[in-house]
Amino acid sequence: MNIILNAQQACGTDVLPLVGVAESYEYDSNGNKGKLIGTTYTILNPQDRCTSLRVKVADTTLVVSQEELDQHNKLLQFVMVRFSNFTAKPYAHKTSGMQLSCTADKAVIVTGNSK
């Protein structure tokens, strides 16, 4: 069975608080970093006790720097994002139970007027 969830189904909303951002790189079999292949965004899932989820995006352009994000988060003024073509696929992890593998095409910052 292949279950695929959208943001609304996985998180209860498609506008989500962003708490982390990092570039994603390809690694070779020896663990050496290769080319830049995308961005990983860490969001809070309000539907699951605000646990964090990582969303892998092929777009290599960061929507916000981690430094700017840290400043907002420290004041609890979260940067809100929406993802284009968000998908979440459930899988069973050996030690931590059910998890979601999340991907999207692009992240977009949501301002107060565009929710």
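Numbering of residues begins at 1 and proceeds along the displayed sequence.
- Within the 4.5 Å cutoff, no side-chain heavy atoms of S24 are placed close to those of T39.
- Closest non-hydrogen pair, L5 versus Q9, comes out as CA-OE1, 3.3 Å.
- Distance alone, capped at 3.5 Å, places no donor-acceptor pair between the N45 side chain and the L53 backbone.
- With rounding to the nearest 0.5 angstrom, the CG atom of N6 is 13.5 Å from the CZ atom of F83.
- Listed for the D59 side chain is a donor-acceptor partner under 3.5 Å among the backbone atoms of T61.
- For the pair C11 and L16, the tightest heavy-atom approach, listed with the atom from each and the gap, is CB-CD2, 3.6 Å.
- L100 is connected to I3 through a chain of hydrophobic side-chain contacts under 4.5 Å among Ile, Leu, Val, Met, Phe, Trp and Tyr, so both are in one cluster.
- Both L36 and Y27 sit in one connected hydrophobic cluster of ILVMFWY residues. Membership requires side-chain heavy atoms under 4.5 Å apart, directly or through other members.
- The two residues Y41 and L62 make their nearest non-hydrogen contact at OH-CA, 3.7 Å.
- For the residue pair P46 and T13, the shortest heavy atom distance occurs at CG-CG2, 4.1 Å.
- Formation of a donor-acceptor pair under 3.5 Å by the Q66 side chain with backbone atoms of V21 is found in this model.
- Tracing side-chain contacts under 4.5 Å through hydrophobic residues (I, L, V, M, F, W, Y), one reaches V15 starting from L76; they form part of the same cluster.
- Under the 4.5 Å side-chain heavy-atom criterion for grouping Ile, Leu, Val, Met, Phe, Trp and Tyr, V108 is not connected to V64 through any hydrophobic cluster.
- Atoms OG1 and CD, on T40 and E23 in that order, are 10.0 Å from each other to the nearest 0.5 Å.
- Between V63 and A107, the shortest heavy-atom distance links the atoms CG1-O, 3.0 Å.
- For the pair P17/M80, a side-chain contact is recorded, criterion being any heavy-atom separation below 4.5 Å from C-beta on.
- Under the 4.5 Å side-chain heavy-atom criterion for ILVMFWY residues, no single connected hydrophobic cluster contains both V57 and I37.
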| Residue pair F86, D14: steps toward the side chain to side chain contact (heavy atoms under 4.5 Å, CB included) verdict | CA-CA 9 Å; F86 177 98; D14 66 342; over 6 Å; no
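- Remark: R54 CZ to S101 OG distance equals 11.5 Å, nearest 0.5 Å.
- Between the side chain of Q47 and the main chain of G12, a donor-acceptor pair closer than 3.5 Å is present.
- The closest side-chain heavy-atom distance from N73 to F78 is below 4.5 Å.
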